[in-house]
Structures are given as structure tokens and as C-alpha cells.
Amino acid sequence: MSPGRIRYERSRPAVYVRPMAPNPDPPRLLAQVRAAIRVRHYSLRTEQAYVGWIRRYVRFHGTRHPGTLEAGDVARFLTHLATRGAVGASTQNQALSALLFLYRDVLGRDFGWLSGVTRAKRPKRLPVVLSRGEVRTVLDRLSGTRRLMVELLYGSGLRLLECLALRVKDADFATHQLTVRGGKGAKDRITLFPAAVTARLAEHLEGVKSYHERDRRNGTGRVRLPEALDRKYPGAGLEWAWQYVFPATRLHWDRSMDAWTRHHLHESVLQRAVKQAVADAGIAKRVSCHTFRHSFATHLLEDGYDIRTVQELLGHKDVSTTMIYTHVLNRGGRGVRSPMDAL
């Protein structure tokens, strides 16, 4: 390079470095609980129950963070529920399960320190069962959709929410089978489809289909699909096969989907109808919608069906749960003659 000549170098552009934002505040406790529940795909009702119990637990201890509490504090809360709240054993055990989930899966604490907390002993109760004549009497006091739903509760052994959550594709008229999706314990199962309701169910679905077609013409008619199927199949929520067998009468605005959707009927609709029908029939038993499921199992055993078959139809995990209906069969001394009758 000759003297006096200036060399110019290309300068690199300045690199803009975005200042690091301060660490956001960690999510609040109940938000952490909801996130942990959803990661494990627990049901919405489990989420609502656990969040409710954890909120009551925190408030009971003056809004202190659960991480600062000990096993004695858990025991005091459960004792308060039993003595002051007068809750049943099942309710008390549900509260304990919520707290175990909080400490084990949210706060990451070994729950061995809670081993001294005693679970309430659940009393063994026999289920309330209706006779065949009582079932017929209640059905005679129902009509339309409500009668059809009770006929499925009794004829297929469905739980209330299993019946309400049935979709059109779950009813197989050719094989007379109902597919229960996501039942208790997130288990699918197949149960029988009573032939006695085939014609009425087909007629009912024709009416539901006409409402669905009207919704489609109005730009609605979408239902929420399970899990992430809404994102995987964006148009499936509009298909007839995915519609509810017992849809709600009103549309619902779903914020997450940003659309009007039609949910299934609310459980209180059938609960009120059954309560009124039982009162009109003058039946002096504590009857609920679940009573028809109990009656389904008991009457199958009376007819001589194998208990393993009944277990499969009910979706029980353990046959010991189904065995309780054998105790109901022995009530009233079936097959045993009272000595009083010999006098």
C-alpha cells in the first residue's frame, strides 16, 4: 500500500440486542393445579372438584401458602370437614385426594409425610333398586325425550352423563350396541342397545337431524369435539355423526372456539323429571337417575346372566364392585322361607 493512501474497511452493522425482560411472575397456585390436571387429561369435573377443595384448604388456613403447611394442618382441615362440615366419608376422601395431588404433583413434595393422615372409612351401603313394576310405573309418568333417556339408563345400564354425552355415531342400529366413550375412568365400553327403544330413538334422531340442518343453514350447528380433534379436523364439529343424541335447546357461545355451539342437555333436566315422576308414582324410595343403572344390573342377575357379563356391560374395573348386586338379590329372602310362614 502506497504511503499516504487511506484504507477504508467495511464496518459491520450494529447488532441490536433486545434487553432481557424481567422474569414473569410464576403462575398462581390454582393455575398450576389446573395445568397439572390438564396435562394428565383428568376430567373437567375432577378439575373443578380439586380446585374447589384446594381453595377451601387455603382459606381455612388464612390464605397461607400450602408449601408452608405440615401434615398436622391437613389433618385439622379434614377433621373440620367431618366435625363442623358434617361431610360424608366419600367427600372427606375426595378432599384428601385433592390435597395429595397438590403436594405430590404440583408442589413436588413427597407425600410420605402425609402417611399419618387417615382416610375416612366409607360405609358399605346397598344400592337402591326398583322392581320391574316400579320401573314401569315411573316410565308411564314420563314422556318424550325424558322417557327415552330413562329407558336408556335402565335398558343399557348407562350413567346419567354417559347417556347425555351420547353422539349419533355411538348408536349402532344394525348390531343393537351402544358405544360409551370416555366413561368413568376415561374408559370406553360397549353395552347393549334395547330393541324396545329402537323405533322411538330413530324417530327422535330424525327430529334432532332437522334441528341440526336448520342450525347449519343459520351458520351454526357446531359441537365441541373431545381432546384436540377440533384442531385436527376443523370441519368435523359440523358433521351429523358428531352431534349429540340429546342436544340442548339453546345455543352456547364457546369462547375458546369463538363460535356458537350446541351442547348436550343439562343433567338437571332429567334429574327434575325423574324426581317428579317418582313422587307422582308414590314410590317411597330415594330414587335418582343412577337407580335405574342399579336396577339394570340387579334384574340381569335375576334373569341368570353371568356376573362377568354384567361387569363388562357396567364397565366396572373390579368384579367385587359388581358383586354388591348379589347382596341386593338376597334381600327379601328369595329362595329362603321364613319360619314365620310355617306357623
Side-chain angles (χ1 to χ4, degrees), residues 40-43 45-46 49-50 88-98 100-101 118-135 138 149-166 170-172 175-197 226 267 270 274 285-336:
R40 291 161 178 79
H41 292 277
Y42 288 0
S43 69
R45 287 178 172 254
T46 300
Y50 279 18
S90 298
T91 304
Q92 187 177 350
N93 285 333
Q94 185 188 68
L96 178 56
S97 297
L100 288 174
F101 179 84
T118 306
R119 286 186 176 269
K121 184 178 181 181
R122 295 180 58 182
K124 294 184 178 180
R125 307 289 188 190
L126 292 177
V128 176
V129 174
L130 296 175
S131 67
R132 300 171 196 263
E134 289 171 334
V135 172
V138 173
M149 287 191 287
V150 173
E151 286 176 333
L152 288 176
L153 295 180
Y154 174 66
S156 302
L158 301 179
R159 299 178 178 91
L160 174 56
L161 285 178
E162 291 174 349
C163 177
L164 295 175
L166 281 176
D170 297 331
D172 191 335
T175 60
H176 283 276
Q177 291 181 340
L178 287 179
T179 303
V180 178
R181 303 287 184 183
K184 190 173 182 179
K187 294 185 298 183
D188 294 352
R189 76 176 190 278
I190 293 178
T191 185
L192 55 91
F193 184 169
V197 304
E267 55 264 34
L270 189 57
V274 167
K285 293 181 179 179
R286 192 172 181 272
V287 179
S288 67
C289 294
H290 206 72
T291 304
F292 296 98
R293 175 176 162 89
H294 293 323
S295 304
F296 163 83
T298 305
H299 295 166
L300 284 181
L301 292 175
E302 286 179 355
D303 292 339
Y305 288 98
D306 181 74
I307 194 168
R308 293 287 184 179
T309 301
V310 178
Q311 175 194 359
E312 184 177 350
L313 293 174
L314 292 174
H316 287 162
K317 182 178 180 180
D318 195 333
V319 72
S320 62
T321 307
T322 317
M323 287 289 290
I324 192 172
Y325 298 110
T326 62
H327 298 289
V328 181
L329 285 174
N330 293 328
R331 291 183 61 187
R334 289 185 177 88
V336 180

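- Checked against salt bridge (Lys or Arg N to Asp or Glu O under 4.0 Å), R159 has the following partners two or more places apart in sequence or in another chain: E162.
- Partners of R45 under the salt bridge (Lys or Arg N to Asp or Glu O under 4.0 Å) rule, at least two apart in sequence or in another chain, are E267.
- Every salt bridge (Lys or Arg N to Asp or Glu O under 4.0 Å) that E151 has, sequence neighbours left out, goes to R147, R200.
- Counting only heavy atoms from C-beta outward, the side chains of V310 and L301 approach each other to under 4.5 Å.
- Minimum interatomic distance between R132 and D303 (heavy atoms only, all atoms of both residues): NH2-OD1, 2.9 Å.
- Taking CG from L300 and CD from E302, the interatomic distance works out to 9.5 Å, rounded to the nearest 0.5 Å.
- Take F292 and apply the ring-ring contact (aromatic ring centres under 6.0 Å, His included) test, not counting sequence neighbours, and it matches no residue.
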Q: Output, in order, the C-alpha distance, side-chain angles, deciding distance and verdict of side-chain contact (heavy atoms from CB on, under 4.5 Å) for L314 and F296.
A: CA-CA 9 Å; L314 292 174; F296 163 83; 3.8 Å; yes
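- How far CZ of F101 is from CG of L96: 14.0 Å, rounded to the nearest 0.5 Å.
- Distance CG/L192 to OG1/T175: 11.0 Å, rounded to 0.5 Å.
- By the salt bridge (Lys or Arg N to Asp or Glu O under 4.0 Å) test, R40 is found to be paired with D105, residues two or more places apart in sequence or in another chain being considered.
- For residues 308-326, no residue pair satisfies the salt bridge (Lys or Arg N to Asp or Glu O under 4.0 Å) rule, not counting sequence neighbours.
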